[in-house]
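This report concerns only the one structure given below.
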Number of protein chains: 2
Amino acid sequence: MNLSSRQLRAFVALNETRNFTRAAEQCHLSQPAFSALIRSLEDGVGTRLFDRDTRKVQLTTEGGLFAEAAERLLADMDHILEDLTDHVERRKGRVAVAALPSLAAGWLPDVFAEFRAMYPGIELSLHDMLSDQCIDMVRAGKVDFAFAAGGDNNPELATEVVCADEFHLVCRKDHPLARLKRIEPRQLLNHPFVHMGRSSSVRQHLEAILHPLQMNSVLEVEHLATVMGMVKRGVGISVVPALTLFHFQHEDVVTRPLHVSGITRRILLVSRADRSLSVAAQALYDLALARRPDGKLPTAKRKSRSARLQG
Amino acid sequence: MNLSSRQLRAFVALNETRNFTRAAEQCHLSQPAFSALIRSLEDGVGTRLFDRDTRKVQLTTEGGLFAEAAERLLADMDHILEDLTDHVERRKGRVAVAALPSLAAGWLPDVFAEFRAMYPGIELSLHDMLSDQCIDMVRAGKVDFAFAAGGDNNPELATEVVCADEFHLVCRKDHPLARLKRIEPRQLLNHPFVHMGRSSSVRQHLEAILHPLQMNSVLEVEHLATVMGMVKRGVGISVVPALTLFHFQHEDVVTRPLHVSGITRRILLVSRADRSLSVAAQALYDLALARRPDGKLPTAKRKSRSARLQG
DNA sequence: CACACTTACGATATTCGTAAGGATT
DNA sequence: AATCCTTACGAATATCGTAAGTGTG
């Protein structure tokens with residue numbers, strides 16, 4: 001048989017009021033329609049649940065059995081629906097993301113802060129790690145999506161370009177290159193250079209630009225903060241993406257756009273192609289896109305997660 | 001919102017099979033109708049519960065939340081409906097009745113035995129007590145109905161005549177009255193007489209017959225078995241209703257119909273007028289009527305419980 | 001005769017199955 | 001080409017509210 005929550009609600013209302021007219025109002029139904037609803041329930045279970053005449057409405061023996069159970073059932077149902085609605089309306093939930101360390105430290109805090117203010121009930125989890133690890137987290141389902149610098153050539157993954165992160169020279173303000181407004185890669189030759197480790201996405205993108213050139217490498221470090229320390233002290237110069245420039249805000253250090261034709265580090269939102277994002281994750285995803293850094297053109301997309309969700 | 005058990009069943013079926021076509025069969029629906037049912041559920045809760053394309057069907061994050069709850073809810077619902085159905089189909093239940101001691105010992109055992117054989121899952125409870133106490137038990141709701149010898153003048157109660165219980169003389173076979181086939185009340189005069197206590201319904205009905213006569217009372221006892229003992233030993237004679245004659249089956253004792261115009265002890269089924277009987281109680285009620293002793297005419301009814309239940 | 005539940009009935013909504021459509025392998 | 005979900009659509013069914021009916025105090 002079919003048992004609907006409307007029937008349960010009608011039953012409970014009638015059991016509380018013991019009056020068809022008032023119970024009908026409570027259910028936003030005309031009294032005859034309510035009467036029919038109770039009758040349909042009784043037909044469904046195969047027995048009268050209420051004894052009724054014009055003067056009195058009361059449970060039958062079988063109605064009494066049903067009453068306890070029905071109230072529990074209805075409370076359960078309401079609880080479940082309420083919990084689900086809380087998720088749908090973003091009062092509850094959990095989003096796990098992975099992000100490149102530079103994004104995690106520089107741009108994401110703004111996004112996360114705004115997100116937390118909008119949806120204080122949603123738990124956030126951030127894994128700051130290198131791009132390849134970020135993508136592995138997505139593929140393994142450990143995170144809902146990732147901010148990475150690649151992954152757009154894997155059919156398992158859906159990607160969307162967040163921004164094009166262009167490269168900048170960083171050096172001391174008294175360095176000869178600091179006088180130039182715009183700088184070309186070959187001008188970096190012979191100046192002592194501080195590199196990031198080869199596993200970092202910054203370094204990997206730099207190779208595409210600087211590989212043909214004979215660099216004067218003096219040091220290779222793991223963290224951008226260390227690069228900053230070295231540059232500030234005049235150990236060397238370096239080249240970093242725009243989104244990491246917040247590390248280099250200091251009076252002794254200047255930054256200059258690097259004039260490179262077409263080669264940029266593209267920041268991507270990477271998620272699994274085979275499953276939709278949770279409501280909470282989608283909200284963070286959309287907010288991140290809405291607050292994308294002003295890194296120029298979004299260029300060509302593969303599968304837009306936002307577009308897909310419209311379907 | 002409205003949430004039906006059909007939607008829950010569809011959800012669970014789809015989650016188990018992960019295939020619309022097979023889940024639709026399982027729900028006895030065409031596949032498009034099943035699809036619409038899932039969609040109506042998703043519309044109701046306000047979010048997609050399954051990610052699906054032509055190749056794969058799997059839960060969304062929100063669907064996963066719903067799945068655990070839905071299975072519990074459905075199991076609960078099935079359990080409740082099954083329990084109720086067990087009662088409706090008389091596999092479970094409980095009936096409490098009150099009955100006059102004479103009926104409880106003589107006729108009811110047959111009815112109860114047959115009832116237990118038909119409905120072994122239904123618990124029975126029998127209170128053997130005097131007629132007025134039986135009726136009080138009905139009014140107090142302590143029993144479902146009673147077999148009594150009165151109560152047909154109370155508007156709270158619905159009564160139905162089971163049988164007319166006619167009076168018989170009991171005496172030793174060597175008693176002078178034993179030779180007669182039929183006996184009139186005045187012939188009892190002067191023979192030593194063993195009475196039941198004044199609170200018994202047998203005695204109360206006898207008063208109506210014998211009050212004008214000067215009886216030769218030698219003894220007043222509480223129980224019919226004691227009356228039997230006294231009669232068998234020749235202490236006296238007595239007059240008892242037909243339904244109690246099983247007490248007097250002995251080679252030394254004879255029973256003779258008493259010729260009384262119109263005065264009988266009517267045995268009534270007494271129940272509350274304001275509420276229906278439980279399915280189980282109704283079954284016993286109906287069986288009792290079907291197996292009524294052959295005590296002549298059912299005479300005039302007030303409210304027939306059987307008739308009322310048709311409504 | 002006033003109150004409260006039921007029945008009657010026409011209008012509106014839902015739900016169904018068949019058939020066609022679209023996407024994926 | 002085969003599989004599988006969705007859309008389209010006319011038919012059957014269910015549900016609604018208004019209005020009339022019934023029974024009780």
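Residue numbers begin at 1 in each chain, while the letters A, B, ... track the order of the sequences. Just so it is clear, the model here is predicted, and its values are computed rather than measured.
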Would you mind reading off the distance between [X] atom [atom1] and [N] atom [atom2], rounded to a whole angstrom?
X: Leu41(A); N: dA14(D); atom1: CG; atom2: C1'; result: 16 Å
X: Leu29(B); N: dT14(C); atom1: CG; atom2: P; result: 18 Å
X: Asp51(B); N: dT6(D); atom1: CG; atom2: P; result: 11 Å
X: Gln7(B); N: dC16(C); atom1: CD; atom2: P; result: 10 Å
X: Lys56(A); N: dG25(D); atom1: NZ; atom2: C1'; result: 13 Å
X: His28(B); N: dT15(C); atom1: NE2; atom2: C1'; result: 17 Å
X: Glu25(A); N: dA4(C); atom1: CD; atom2: P; result: 11 Å
X: Arg52(A); N: dT7(C); atom1: CZ; atom2: P; result: 9 Å

If you check the [X] side chain, which of [options] turns out closest?
X: Arg55(B); options: dC3(C), dT3(D), dG17(C); result: dT3(D)
X: Arg39(B); options: dG23(D), dT7(D), dT7(C); result: dT7(D)
X: Ser30(A); options: dG17(D), dG25(D), dT15(C); result: dG17(D)

Would you call [X]-[Y] a salt bridge at under 4.0 Å N-O?
X: Lys56(B); Y: Asp51(B); answer: no
X: Asp136(A); Y: Lys142(A); answer: no
X: Arg72(B); Y: Asp76(A); answer: yes
X: Arg272(B); Y: Asp274(B); answer: yes

Arg139(B), CZ: over 12 other non-hydrogen atoms inside 6.0 angstrom: no
Measuring to OP1 and OP2 of dC5(D), would you say a side-chain N or O of Thr21(B) lies under 4.0 angstrom away? yes
Rounded to the nearest 0.5 Å, how far does NE2 of His87(A) lie from OG1 of Thr61(B)? 9.0 Å
Between residues 8-20 of chain A and DNA chain D, which residues have a heavy-atom gap below 4.0 Å? none
Under 4.0 Å from any atom of DNA chain D, heavy atoms only: list the residues of residues 31-38 of chain B that qualify, in numerical order. Gln31(B), Pro32(B), Ser35(B)
Could you go through Thr264(B) and Asp165(B), starting from their C-alpha distance and side-chain angles, then the distance that decides it, and tell me whether this counts as side-chain hydrogen bond (donor to acceptor under 3.5 Å, both in side chains)? CA-CA 6 Å; Thr264(B) 59; Asp165(B) 200 10; over 6 Å; no
Which one of Arg91(B), Arg90(B), Arg94(B) satisfies the salt bridge (Lys or Arg N to Asp or Glu O under 4.0 Å) criterion with Glu123(B)? Arg94(B)
Using 30° and 60° as the class boundaries, would you call the ring planes of Phe11(B) and Phe50(B) parallel, tilted or perpendicular? tilted
Is Arg22(B) touching bases, backbone alone, or none of the nucleic acid, heavy atoms closer than 4.0 Å? nothing
